[in-house]
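None of the values given here were measured: they were computed from a predicted structure. Residue numbers count from 1 along this sequence. Atoms within each ligand, like the ligands themselves, are counted from 1 in listed order.
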Amino acid sequence: AVKRVWWKKSVVYQVYWRSFYDTDGDGVGDLDGVIEKLDYIRGLGVDIIWLNPVYESPDLDNGYDISDYESIMPKAGTLETLDRLLAETHRRGMRLIMDLVVNHTSHLHPWFLESRSSRSNPKRDWYIWKDASEGGGPPNNWRSYFSPSTWEWDAATEQYYFHSFAAEQPDLNWRNPELREAICGMMRRWLSRGIDGFRLDAIALLAKPDGFPDAERPEDIRYLTNNPGLHDFIREMNARVLAGRDIVTVGEAAFVTPEEGLKFVGEDRGELDMLFHFEVCDEMPSWDMLRFKRIQRRWYEGLWGRGANSQFLNNHDHTRQVSRYGNDGPYRVQSAKLLATMLHTLPGIPYIYQGEEIGMTGVRFDSIEEYNDIAMRNRYAEEVAGGREPAEVLASLQPLSRDNSRTPMQWDDSREAGFTSGTPWIRVNPNYREINAARDLAAPDSIYAYYRELISLRHRHDVLAYGEFEEWPEYADDEHLYVYERHLDGVRWLVALNHGDEAAELIWPARMAGRKLRLLLGNYPAPALGDESAGGSKGEGGSEGGA
Ligand code: TEU
């Protein structure tokens, strides 16, 4: 049976605070802004807030380059502001988990400044240093996520240091026990402050292979992830920090299969509670119904009853779902509701990325200068340096640029969408006059209202959190229709989704004859359900239901 625990009935809302709400007019969102908007978040019925990194940082990768784990970046606020945000979140019956980046630090972190100061410094081994290869170049041929090589030359001590991301983000050496204790101590102090858990950044990268052998195909960077020893580190972190507490943890685990995913979240593993896998976001650039169904089947079979999964299609690293996987044109509202229905009724805990609940869309800026994302800017520079036509490089990088999701939250149709009284750090999406929270809050059939209803259904009924998942075989190979049931203790909910551009009729299978159906929620005017399936008692909790 599926283990029952509070966070499985929860919905998580991700706050990318720098783009959420600016209260001091510097053009960057801040923690006071998050506090001011807590009622808006609570209005959805959200249970948990995931806050992107707010720690002291030079901000080259928007906070994912930490230079002090135990102070707050001034543009976000202070430790006092954070404590107030925590108290105000708890007062509203919500919890807050912090994003934690322990695979690497900023190159300006004091630990790294010491480590790079000399080969004999006590913290030298807190990072990964290697001599040049025979030919004088980098120790191996690996690419990093954000640059052509994972190795950066340090002239002062004449060695290379390792970085999975930008050169300004040196990887920590998790083989070093002192380093591990320093991280665990810091995590314990954050938990003592009252936070409710962590989102663990790039957690699948902590272990590196012995000897850093060359890769067959350097461009396929999965060699950075899931190396031997990884789970020893996570199990040790659990034993020394996480175990026995009323907290929740979610690990970002790129390039994992369901079998590997179970190692992170298996209830008998003593590691993490749930994970983000990226089979969709990393490996399905545009909507592919059949592929998505296969992915969902594999993860259900791999995890259900043994560990928890998340459900999401966008976040601060992936472009807006209604643009990438839906329709952000004339059918934007229906499409946003369709994607939400799917994410909130498939097995797993739903994560809402700020702005998704009002159907915010991706963006197309005119020049590379208007983009902020270090990953995109580094790649643009690399491709242009390699001789590709700049306009063509820009066009190729725009659809999946992380900045698509990082434009400011669109609060209303006043200047800068009500996000700031100053100049925003990144341009507001020009469609804010039509797409904004004020408009959705005023409209009973808005996307925001629909999300609130979906979340309420999850809270009022156990079937979404704990019910089995069963596709209708008649539609298993349908390219447009996704039809499945969730069932628990006699309650059966039918979800019928049409991802296609054409209207479609749901053929009622003979095996379902006599089954009564009652519409719970739909992104269209309540249909005249055929007489063979209509009927059923009005009101909540009937034995049949359908979204
Ligand atoms: O992202 C990690 C990362 O870039 C990959 O795991 C990628 O996100 C995954 O394959 C899905 O596409 C995290 C943060 O979310 C990101 O914002 C940071 O830039 C990065 O780590 C470095 O800290």
Side-chain angles (χ1 to χ4, degrees), residues 12 14-19 50-55 57-67 69 73 97-109 112 142-147 150 162-172 174 183 198-207 219-227 230 250-257 260-261 264 272 275-285 295 310-321 324-325 351 353-354 371-379 397 399-406 426:
V12 185
Q14 180 188 354
V15 175
Y16 196 67
W17 55 268
R18 67 186 63 232
S19 300
W50 154 23
L51 188 68
N52 286 96
V54 284
Y55 318 94
S57 161
D59 235 9
L60 295 170
D61 185 21
N62 294 6
Y64 284 91
D65 47 326
I66 297 171
S67 54
Y69 285 104
M73 185 188 315
I97 65 173
M98 297 270 279
D99 209 322
L100 191 67
V101 187
V102 291
N103 175 68
H104 49 276
T105 66
S106 162
H107 66 312
L108 299 182
H109 193 296
F112 187 67
W142 290 10
R143 258 202 73 88
S144 91
Y145 269 101
F146 295 167
S147 62
T150 48
F162 183 83
H163 58 90
S164 299
F165 295 93
E168 298 87 350
Q169 296 170 289
D171 280 42
L172 288 165
W174 271 76
I183 295 288
F198 297 103
R199 177 266 187 183
L200 289 152
D201 182 69
I203 195 73
L205 283 77
L206 298 190
E219 67 285 353
D220 180 358
I221 59 175
R222 63 189 68 213
Y223 46 73
L224 292 174
T225 63
N226 303 296
N227 286 300
L230 170 64
V250 54
E252 184 195 38
F255 300 126
V256 293
T257 62
E260 287 161 339
F264 292 86
L272 304 177
L275 83 159
F276 302 135
H277 71 78
F278 293 91
E279 279 205 55
V280 176
C281 292
D282 270 356
E283 298 163 41
M284 200 177 93
I295 293 170
S310 62
Q311 289 290 352
F312 68 97
L313 286 174
N314 58 194
N315 56 31
H316 65 292
D317 290 332
H318 295 92
T319 189
R320 294 253 173 215
Q321 61 193 39
R324 186 180 187 187
Y325 296 127
Y351 282 71
Y353 177 63
Q354 69 181 45
Y371 284 89
N372 160 275
D373 175 11
I374 188 169
M376 178 181 183
R377 296 174 69 94
N378 283 5
R379 194 61 189 247
L397 296 177
L400 298 186
S401 162
R402 301 191 299 176
D403 286 334
N404 281 298
S405 291
R406 298 177 178 184
I426 187 170

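Set against the non-hydrogen atoms of Arg406, the atoms of ligand 1 under 4.0 Å away are 17 (O). The distance from ligand 1 to the heavy atoms of His316 drops below 4.0 Å at these ligand atoms: 14 (C), 15 (O), 16 (C), 17 (O). Within ligand 1, the atoms closer than 4.0 Å to a non-hydrogen atom of Asp282 are 9 (C), 10 (O), 11 (C), 12 (O), numbered from 1 in the order shown. Near Glu252, meaning under 4.0 Å from any of its heavy atoms, are these atoms of ligand 1: 1 (O), 2 (C), 6 (O), 8 (O), 13 (C), 15 (O). Near Ala254, meaning under 4.0 Å from any of its heavy atoms, are these atoms of ligand 1: 6 (O), 9 (C), 10 (O). Counting atoms of ligand 1 from 1 in the listed order, those under 4.0 Å from a heavy atom of His104 are 22 (C), 23 (O).
Nearest protein neighbour of atom 13 (C) of ligand 1, counting heavy atoms only, is Asp201 OD1, 2.7 Å.
For the side-chain contact (heavy atoms from CB on, under 4.5 Å) test with Gln14, the passing option among Asp99, Ile97, Asn52 is Asn52; the others fail. When the options Phe276, Trp17, Phe312, Phe198 are evaluated for a ring-ring contact (aromatic ring centres under 6.0 Å, His included) with Trp50, the one that passes is Phe276.
Contact analysis leaves Arg222 out of contact with ligand 1, as no non-hydrogen atom separation drops below 4.0 angstrom. Residue contacts with ligand 1 include Phe146, since one or more of its heavy atoms lies under 4.0 Å from the ligand.
Within the 4.0 Å heavy-atom criterion, the part of Arg199 lying near ligand 1 is the side chain and not the backbone.
Remark: Leu397 engages Met376, Arg379, Tyr380, Val393 in a side-chain contact (heavy atoms from CB on, under 4.5 Å) (not counting sequence neighbours).
Between Asn314 and Arg324 there is no side-chain heavy-atom pair separated by less than 4.5 Å.
The distance between the ring centers of Tyr353 and His318 does not fall below 6.0 angstrom.
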